[in-house]
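One structure below.
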Amino acid sequence: MGESELLVVGPALAVAVVVAVAAAAGVSALGRLGHGLAVLRAGGRAVLQLGAVSFLIAAVVSSGPLTLGFVAVMLTVAALTAGRRITSARWRPLWVFLPVCLPVVPVVVALLLTGLTPVSGLAVIPLTGILTGGALTATVLAGRRATEELRTRRGEVEAALSLGLSPRGAALEIGRPAASALLPALDQTRTVGLVTLPGAFVGMLLGGATPFEAGAVQVFVLAGLLLVESLAIVLTVELVARGALPVPERE
């Protein structure tokens, strides 16, 4: 059994994980949320995937090519996951690589070139993972909201077209409420330190950094997430407006 500053790693922790996932699935089932089995599958996948990564991470972070490969896998999985959440049209989900990857890659490259981030797998992989997770969330929320707005407000789109707007312009006018996908990132940034202590901050403290150093890094992470998620939302809404991510038909 191993110990950390946050949790004791051992059989009791494994039992706690199983109980928490089972309870979450039970609440979902009792509340008729429709995600009971999905909760169980997600919990099982998390255990398997993190277990595999725990064994591989040491080799990955010590090799530049393996680090790049790992980052590529993260971006690919995120893009495919977002695509499936937004549309079921064949091949169309591939467009989601743009809002997931395009905001993240330049930010990470810029940090490496300026020396703000060390050229190390231990730095690149966690940072890319945080930014990719933000881009994934923003893309899914924006894509689903934009397509739903255009589906339910089809009459308004047609009215805008009759007034002379282009199909893209009409779709953008109606689909812009998808900008609400930025609210989780905004709320996290507004309440940091008061309501939540994010993972990067806590992780650095547990790793021996001073509170000031941990705070400075966390502020940058939050700023980077705002940038990445804003770009992801703009690109996603643009793809929906151009028809690259089709609007589902009325049920």
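Owing to the predicted nature of the structure, the values given are computational and were not obtained by experimental measurement.
- Side-chain contact between Glu148 and Arg144 is absent, with no heavy atoms from C-beta onward closer than 4.5 Å.
- Residues Leu225 and Gln188 form a side-chain contact, since some pair of their non-hydrogen atoms from C-beta on lies under 4.5 Å apart.
- If you chain together hydrophobic residues whose side chains sit under 4.5 Å apart, Val119 and Leu131 fall into the same group.
- Residues Ala142 and Ala181 approach most closely at N-CB, 3.6 Å, considering heavy atoms.
- The minimum heavy-atom distance between Val100 and Ala82, with the atom names listed, is CG2-CB, 4.3 Å.
- Under a hydrophobic-cluster definition in which Ile, Leu, Val, Met, Phe, Trp and Tyr are linked whenever side-chain heavy atoms come within less than 4.5 Å, directly or via other members, Leu227 and Leu75 are assigned to the same cluster.
- The structure places CG of Leu239 at 12.0 Å from OG1 of Thr147, a figure rounded to the nearest 0.5 Å.
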All N/O donor-acceptor pairs, side-chain side in residues 105-114, below 3.5 Å, sequence neighbours left out:
residue	atom	partner	partner atom	Å
Thr114	OG1	Ala110	O	2.8
Thr114	OG1	Leu111	O	3.2

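- Annotation for Val228 and Ala135: closest pair CG1-CB, 3.7 Å, computed over non-hydrogen atoms.
- To the nearest 0.5 Å, atom CE of residue Met74 and atom CD1 of residue Ile125 are 6.0 Å apart.
- Residues Thr76 and Phe97 have side chains in contact (heavy-atom distance under 4.5 Å, counting atoms from C-beta outward).
- In terms of heavy atoms, Thr191 sits closest to Asp187 at OG1-O, 2.7 Å.
- Counting heavy atoms from C-beta outward, Leu186 and Leu183 have side chains that approach closer than 4.5 Å.
- Among all heavy-atom pairs drawn from Pro103 and Ala232, the shortest one is CG-N, 3.8 Å.
- Contact check for Thr137 versus Pro184: no side-chain heavy atoms found under the 4.5 Å cut-off.
- When the side chains of ILVMFWY residues are joined at heavy-atom separations under 4.5 Å, either directly or via intervening members, Ile86 and Leu98 end up in a single hydrophobic cluster.
- Side-chain contact between Leu182 and Ser230 is present, with at least one heavy-atom pair separated by less than 4.5 Å.
- Without hydrogens or angle criteria, Ser162 side chain to Ala159 main chain gives a donor-acceptor distance under 3.5 Å.
- Side-chain contact between Val21 and Val39 is present, with at least one heavy-atom pair separated by less than 4.5 Å.
- Put simply, Leu231 and Leu127 are part of the same group of oily side chains (I, L, V, M, F, W, Y) that touch within less than 4.5 Å, one to the next.
- Cluster membership for Leu116 and Val221, using ILVMFWY side-chain heavy atoms within less than 4.5 angstrom, is shared.
- Atom CZ of residue Arg85 and atom CG of residue Leu136 lie 9.0 Å apart, to the nearest 0.5 angstrom.
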